[in-house]
Amino acid sequence: MSTTFQSYGQDIKPSENGYAPVNGIKVYYEVYGEGQPIVLLHGAYMTIDLNWGQIIPELSKSRKVIAIELQGHGHTPFSDRKLSLDTLASDVEEVMDYLKIDSADIVGYSFGGKVAYQFAIQSPKRLKKLVIISSSYKSSGWEPEVINAFKNMKPELFTNTPMKAAYDAVAPDKTKWTKFLEQMIASGATPFDLGDSNISKIAAPVLIIAGDNDGLDKIELIKTYKLLGGAVTADFGAMPKSQLAIVPGQGHVSLMKQTTIILTYLNSFL
């Protein structure tokens, strides 16, 4: 997985970028375009460009795009602060406060999807619509081989990867790379569950996008969709406000590279 992504080097520049002071650290953000705000939350070990480099130019044609680099990622400095989902979700809300954004659509991929679920639970009034790409709100939402991979991950696996190159290109202190990896690996190996009852209480419409072979347990994914009011017989009643898209022939990494497909789903749902 860590060798497939590539940095895109966007041909557009942010209209605004910088650091927001939040919860004892400073979090890097970039703003593109004008319109209804949409917040992008990247996957683990990634940067804005590495995750969203092909998505932002299209989204920003009609939306105000706010891309954030979470604790220790990219431009955002490494911190010894405990890496917890509730704190990371609070960081996102405080970046919105800093940018004077009352509410927004939130899109999260993989690790960013976990943070997005947490944001929906703890900051429901700040959320308009939620998009989760190849992610789960609990450890058991993944196939056993993925859970085992999280447990057995080592820092040396990231040597000579696009993720390391992307980090080196923008990190304020490149000597923190190993500490950052150790912090993230420990987080990934820790079981978590945001709770079925909390997911069922999400009032905002939710779009779940998954690859058919992306490592998510599809039985659990259907259960998630049911918690959100989906998987009904719409011919006999109302169409649910939330949606589920399973993209054929895609894994966890390859799914995020299907720019046209993802944009089509986003534009239709949002």
Side-chain angles (χ1 to χ4, degrees), residues 1-11 14 17 19 25-30 39-57 65 67-81 83 85 88 91-92 107-116 132-136 142 145-190 209-211 213-216 250-259 262:
M1 287 170 56
S2 62
T3 60
T4 309
F5 279 104
Q6 61 183 9
S7 182
Y8 292 106
Q10 297 178 57
D11 56 3
N17 68 307
Y19 289 92
I25 69 170
K26 57 179 185 177
V27 170
Y28 179 77
Y29 67 88
E30 294 178 352
V39 176
L40 305 182
L41 304 178
H42 57 74
Y45 313 102
M46 302 185 76
T47 63
I48 291 170
D49 181 57
L50 196 59
N51 200 148
W52 307 111
Q54 290 192 328
I55 297 287
I56 288 174
V65 179
I68 295 172
E69 288 180 336
L70 300 167
Q71 178 178 333
H73 289 77
H75 299 77
T76 298
F78 173 81
S79 172
D80 288 318
R81 186 187 69 170
L83 195 66
L85 290 178
L88 293 173
D91 289 348
V92 174
V107 181
Y109 166 66
S110 193
F111 179 73
K114 293 199 300 184
V115 178
I132 303 294
I133 305 175
S134 197
S135 188
S136 176
W142 293 98
E145 62 185 317
V146 176
I147 297 172
N148 289 333
F150 287 150
K151 292 178 180 178
N152 296 317
M153 199 170 286
K154 305 292 182 184
E156 50 267 29
L157 294 174
F158 292 86
T159 303
N160 297 322
T161 63
M163 294 175 181
K164 176 65 162 61
Y167 181 90
D168 285 344
V170 300
D173 183 355
K174 292 186 280 291
T175 66
K176 300 296 186 181
W177 171 248
T178 301
K179 283 190 173 183
F180 162 63
L181 289 180
E182 290 171 348
Q183 187 181 66
M184 285 294 294
I185 289 170
S187 173
T190 303
I209 305 174
N213 293 284
D214 65 352
L216 287 172
Q250 300 302 325
H252 185 67
V253 173
S254 67
L255 172 65
M256 196 63 245
K257 298 172 71 177
Q258 305 307 306
T259 305
I262 289 174

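We count residues from 1, following the sequence as given.
Rounded to the nearest 0.5 angstrom, Leu88 CG and Ile25 CD1 are separated by 7.5 Å. Remark: Ile147 CD1 to Asn152 CG distance equals 12.0 Å, nearest 0.5 Å. Here the straight-line distance linking atom CG of Leu41 with atom CG of Asp91 works out to 10.5 Å at 0.5 Å rounding. Residue Ser134 holds its OG atom at 9.5 Å from CE of Met256, rounded to the nearest 0.5 Å. In this structure, Lys174 NZ and Phe180 CZ are separated by 14.5 Å, a value rounded to the nearest 0.5 Å. We find the CE-CD distance between Met153 and Glu182 to be 14.0 Å, quoted to the nearest 0.5 Å.
Here the shortest heavy-atom pairing between Ala166 and Leu50 reads CB-CD2, 4.0 Å. Between Gly74 and Pro172, the shortest heavy-atom distance links the atoms O-CD, 3.6 Å. For Gly43 against Asn51, the heavy-atom pair with the smallest separation is N-OD1, 2.7 Å. Of all non-hydrogen atoms in Tyr167 and Asp173, the two that sit nearest each other are OH-O, 3.5 Å. Summarising the geometry of Trp142 relative to Gly215, their closest heavy-atom pair is CE3-O, 3.3 Å, with the distance given to 0.1 Å. Taking every heavy atom of both residues into account, Pro77 and Tyr19 meet most closely at CD-CE2, 4.0 Å.
Here Asp80 pairs with Phe78 under the side chain to side chain contact (heavy atoms under 4.5 Å, CB included) rule; sequence neighbours left out. For Gln250, the side chain to side chain contact (heavy atoms under 4.5 Å, CB included) criterion is met by Val247, Ser254, Leu255, Gln258, not counting sequence neighbours.
For the residue pair His42/Thr47, the side-chain donor-acceptor check at 3.5 Å is not satisfied. A side-chain donor from one of Asn17 and Tyr28 sits under 3.5 Å from a side-chain acceptor of the other.
At most 12 heavy atoms of other shown residues, nucleotides or ligands fall within 6.0 angstrom of atom NZ in Lys179. Shown here is Glu145, whose CD atom has no more than 12 heavy atoms of other residues, nucleotides or ligands within 6.0 Å.
Contact check for Val115 versus Val92: side-chain heavy atoms found under the 4.5 Å cut-off. Taking the side chain as every heavy atom from C-beta outward, Thr259 and Ile55 approach each other to under 4.5 Å. Looking only at side-chain heavy atoms (C-beta outward), Trp52 and Val107 come within less than 4.5 Å of each other. Considering only heavy atoms from C-beta on, His252 comes within 4.5 Å of Tyr109 through its side chain. Side-chain atoms of Ile48 and Leu40, non-hydrogen and from C-beta on, never get closer than 4.5 Å to each other.
Residue pairs that meet the side chain to side chain donor-acceptor pair (under 3.5 Å) test with at least one member in residues 67-79, sequence neighbours left out, are Glu69-His75, Gln71-Arg81.
In this structure, the side chain of Thr190 engages the main chain of Ala186 through a donor-acceptor pair within 3.5 Å. Using a distance-only test at 3.5 Å, with no hydrogens or angles considered, a donor-acceptor pair links the side chain of Asp214 to the main chain of Gly211.
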